[in-house]
Student: 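My questions all concern the structure below.
Whatever order the structure lists ligands and atoms in, that order sets their numbers, starting from 1.
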Amino acid sequence: MLTKLESDVQEILLTEKEIAEKVKELGEKITEDYRDRELVVVGVLKGAFLFLSDLIRHIKLPLSVDFVAISSYGDYTETTGVVKIIKDLDESIEGRHILIVEDIVDTGLTLDYLLRIIRARKPASVRVCALLDKPTRRRVEVDIHYKGFEIPDKFVVGYGLDFNQKYRNLPFVGVLKPDIYAGK
Ligand code: IMP
Ligand code: MG
């Protein structure tokens, strides 16, 4: 039976199985690339929390986990490009290897802003791992070293991604029916 949450989705873009396979593959690649090094995995709240928790179980290295929260001003589905940190990292990152974990890169503005802040703190290295990429919407170039999937320009929810703070608990990534956010 379709739950209310599931029936708000018009199309499943990525199934639970497809996501799990990709996350495992990304984790294995990261493990290989950072062999003999220690990582600080930085999750961007809230959207990346689910992806991060699955991903780090496939990274067979000593690592610590930290989080930042960034707010972008705008309506529910469009960012204005004005961003600010609302929760900073707890740990010092100077001289350390940083892996930023994001749910989705859309315009790139959030990540560009975060990368500037992180680089200013003199880490040994910084790379980005993003589950989803909407390349057609990019406004600033950002280098995504580890990328899960490229998706079309559609508003998606599930597997951590929300609309109006809901749908994060769907186990798949799906396209929300436009009438759900129309008029908001
Ligand atoms: P950017 O700054 O435009 O790259 O936006 C990145 C942030 O916007 C992501 O971290 C998400 O939180 C949010 N976002 C962008 N596209 C979507 C989407 O399709 N569904 C849900 N959230 C999205
Ligand atoms: Mg996000």
Student: Apply the side-chain contact (heavy atoms from CB on, under 4.5 Å) test between L52 and each candidate in V42, V44, V65; give the one that qualifies.
Tutor: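 Exactly one pass, corresponding to V65.
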Student: Is it true that L111 lies under 4.0 Å from ligand 1, counting heavy atoms only?
Tutor: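 False for this residue.
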Student: What I want to find out is whether E18 reaches K22 closely enough, with some N-O distance under 4.0 Å, to be called a salt bridge.
Tutor: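 Judged by the 4.0 Å cut-off on N to carboxylate O distance, E18 and K22 do not form a salt bridge.
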Student: Which option out of D162, D153, L13, T107 puts a heavy atom nearest to atom 1 (P) of ligand 1?
Tutor: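 Going through D162, D153, L13, T107 one by one, T107 has the nearest heavy atom to atom 1 (P) of ligand 1.
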Student: After noting the C-alpha distance and the side-chain angles of R121 and D88, does the key distance pass the salt bridge (Lys or Arg N to Asp or Glu O under 4.0 Å) rule?
Tutor: CA-CA 12 Å; R121 296 180 187 177; D88 205 338; 2.8 Å; yes
Student: Measure from the side-chain N and O atoms of K17 to the backbone N and O of L14, and report whether any donor-acceptor pair falls under 3.5 Å.
Tutor: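 Flag not set: sc K17 to bb L14 has no pair under 3.5 Å.
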Student: As an exercise, identify every atom of ligand 1 less than 4.0 angstrom from a heavy atom of T110.
Tutor: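 Listed by number with element: 1 (P), 2 (O), 5 (O), 6 (C).
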Student: Would you call G108 a ligand 1 contact, heavy-atom distance under 4.0 Å?
Tutor: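 Contact check G108 vs ligand 1: positive.
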Student: Would you say V157 has any N or O atom under 3.5 Å from an N or O of ligand 1, going by distance alone?
Tutor: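 No; every N/O pair is 3.5 Å or more apart.
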Student: Where the closest heavy atom to atom 16 (N) of ligand 1 is concerned, which of K154, K134, R138, R168 has it?
Tutor: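 The option holding the nearest heavy atom is K134.
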Student: Which residue from I70, D133, D106 reaches closest to atom 15 (C) of ligand 1 through any of its heavy atoms?
Tutor: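 Among I70, D133, D106, the closest heavy atom to atom 15 (C) of ligand 1 comes from D106.
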Student: I'd like to know if D133 pairs up with R138 as an ion pair, taking the criterion as any Lys NZ or Arg NE/NH1/NH2 lying under 4.0 Å from an Asp or Glu carboxylate oxygen.
Tutor: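 Looking at D133 and R138, the cut-off is met.
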Student: In plain terms, say whether K29 and E25 are close enough for a salt bridge, that is, a side-chain N and a carboxylate O under 4.0 Å apart.
Tutor: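 No.
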Student: So is there a nitrogen or oxygen of V105 less than 3.5 Å from a nitrogen or oxygen in ligand 1?
Tutor: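 N/O-N/O distance below 3.5 Å does not exist for this pair.
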Student: Any sub-3.5 Å donor-acceptor pair from T31's side-chain atoms to H58's backbone N or O?
Tutor: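 The answer is yes, because a donor-acceptor pair under 3.5 Å joins these two groups.
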Student: I need the atoms of ligand 1 closer than 4.0 Å to a non-hydrogen atom of L161, numbered in the order shown.
Tutor: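 In order of numbering, the contacting atoms are 20 (N), 21 (C), 22 (N).
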Student: Between E102 and ligand 1, which residue portion shows a heavy-atom distance shorter than 4.0 Å: side chain, backbone, both, or neither?
Tutor: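 Near ligand 1, E102 shows its side chain, while the N, CA, C and O stay back.
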